[in-house]
Amino acid sequence: MNPGFESPRRLQIFQDMFELTVREEFAAAHQLRGYEGACENLHGHNWQVEVSVRGKELNEIGILLDFKELKRALREVVAELDHRFLNEHPAFGKENPSSENLARYIYQRLCEKLSGHPVKVSRVTVCETERACATYLPD
C-alpha cells in the first residue's frame with residue numbers, strides 16, 4: 001500500500017452515517033396572500049410529508065432511533081396542522097403557509113421534539129400534490 005494512502009474501509013469508519021425516513025399526511029386549507037392566480041383563493045390539499053433524520057451512533061441494539069419515536073413526533077406536529085385553515089395558524093399569521101414555509105415549520109417543530117435524541121433532522125419534504133413538492137434542507 002502507498003504511504004499516505006488510507007484504505008477505503010478505514011475512511012468509511014469516519015464517514016458512516018445512518019438516515020431514517022418516515023411519511024405522514026394531513027388535510028388542510030390555505031390561501032396564498034399576494035399571489036396572482038388561483039392559489040390566492042381559499043383551497044385545500046391532502047398534504048404529504050416526508051421527514052428524514054441522520055445520525056452516526058447506533059444504540060446498544062443497533063438502531064439509530066426507534067421508528068415509533070420518529071413517527072410519533074411527526075404525527076404530533078402534523079396534528080397541529082390537520083383540518084385547519086393554515087392562514088389562521090399562529091405560525092402563519094405574517095408569512096404565507098406555502099409548501100416551503102410548511103416544510104420549514106415542520107422542521108423547526110421536529111427539531112424541538114427530537115432534541116433529546118442522537119439524531120438531526122436532515123430534510124423535510126412537503127407535497128401539496130403528487131407532482132408538486134418543496135423540501136427544506138437545513139445548513
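Quantities reported herein were computed from a predicted structural model and do not represent experimental measurements. Hydrogens, waters and symmetry mates play no part in the numbers below; they use all other heavy atoms, side chains included.
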(Q) Can you give me the closest heavy-atom contact between Arg84 and Pro90, atom names plus distance? (A) NH2-CD, 4.1 Å
Q. How about Leu81 and His89: do any of their side-chain heavy atoms sit closer than 4.5 Å?
A. yes
Q | His117 side chain vs Ser115 backbone, donor-acceptor pair below 3.5 Å | A | no
Q: Search all heavy atoms of Leu20 against all heavy atoms of Leu65 and return the closest pair with its distance.
A: CD1-O, 3.3 Å
Q) Is there side-chain contact between Asn87 and Gln31, with at least one heavy-atom pair below 4.5 Å? A) yes
Q. For the side chain of Asn46 and the backbone of Ala27, is there at least one donor-acceptor N/O pair under 3.5 Å apart?
A. no
Q) Any idea how His30 and Trp47 line up, ring-wise: parallel (<30°), tilted (30 to 60°), or perpendicular (>60°)? A) perpendicular
(Q) Return the CG to CG distance between Leu110 and Leu70, rounded to the nearest 0.5 Å. (A) 7.0 Å
Q: Verify the neighbour count for atom NZ of Lys71: are there more than 12 heavy atoms of other residues, nucleotides or ligands below 6.0 Å?
A: no
**Q.** Under-4.0 Å salt bridge between Glu40 and Arg33
**A.** no
Q | Leu74 side, atom CG; Glu69 side, atom CD - distance, nearest 0.5 Å | A | 13.0 Å
Q: Kindly compute the distance separating CZ (Arg54) from CZ (Phe18), expressed to the nearest 0.5 Å.
A: 12.0 Å
Q: Check Asp139 against Lys120 and note the closest heavy-atom contact, atom names and distance.
A: O-NZ, 3.5 Å
Q) Between CD1 of Ile106 and SG of Cys111, what distance do you get to the nearest 0.5 Å? A) 12.0 Å
Q | Distance in Å, Arg75 CZ paired with Phe26 CZ, rounded so as to fall on 0.5 Å steps | A | 15.5 Å
Q: Find out whether Glu50 and Thr21 are in side-chain contact, i.e. whether some heavy atom of one side chain is under 4.5 Å from a heavy atom of the other.
A: yes
**Q.** Residues, nucleotides or ligands: over 12 heavy atoms within 6.0 Å of Glu112 CD
**A.** yes
(Q) Arg72 vs Glu76, test: salt bridge (charged side-chain N to carboxylate O under 4.0 Å, His left out). Steps then yes/no. (A) CA-CA 6 Å; Arg72 179 194 52 76; Glu76 289 175 3; 2.9 Å; yes
Q: Check whether any side-chain N or O of Ser52 sits under 3.5 Å from a backbone N or O of Ser122 as a donor-acceptor pair, and report yes or no.
A: no
Q: Mind checking side chain to side chain donor-acceptor pair (under 3.5 Å) for Asn101 and listing every partner two or more places apart, or none if nothing turns up?
A: Ser98, Arg104
Q: Kindly give the heavy-atom pair with the smallest separation between Lys68 and Asp66, and that separation in Å.
A: N-OD1, 2.9 Å
Q: Evaluate the side-chain proximity of Tyr105 to Phe92: yes if any heavy-atom separation is below 4.5 Å, no if none is.
A: yes
Q) Any side-chain donor-acceptor pair under 3.5 Å between Gln48 and Glu25? A) yes
Q. What's the spacing between Asn96 CG and Tyr35 OH if we round to 0.5 Å?
A. 11.0 Å
Q | Over all atoms of both residues, closest heavy-atom pair of Thr125 and Cys133 | A | CG2-CB, 3.8 Å
Q. Taking C-beta and beyond as the side chain, do Val53 and Leu114 meet within less than 4.5 Å on heavy atoms?
A. yes
Q. Taking a hydrophobic cluster as the set of Ile, Leu, Val, Met, Phe, Trp and Tyr residues connected by side-chain heavy atoms closer than 4.5 Å, whether directly or through intermediates, do Val22 and Leu58 fall within one such cluster?
A. yes
Q: Identify the heavy atoms of Leu86 and Pro97 that sit nearest to each other, and give their distance.
A: CB-CB, 3.6 Å
Q: Name all pairs fulfilling the ring pair (Phe, Tyr, Trp, His ring centres under 6.0 Å) condition that reach into residues 59-86, sequence neighbours left out, sorted by first residue then second.
A: none
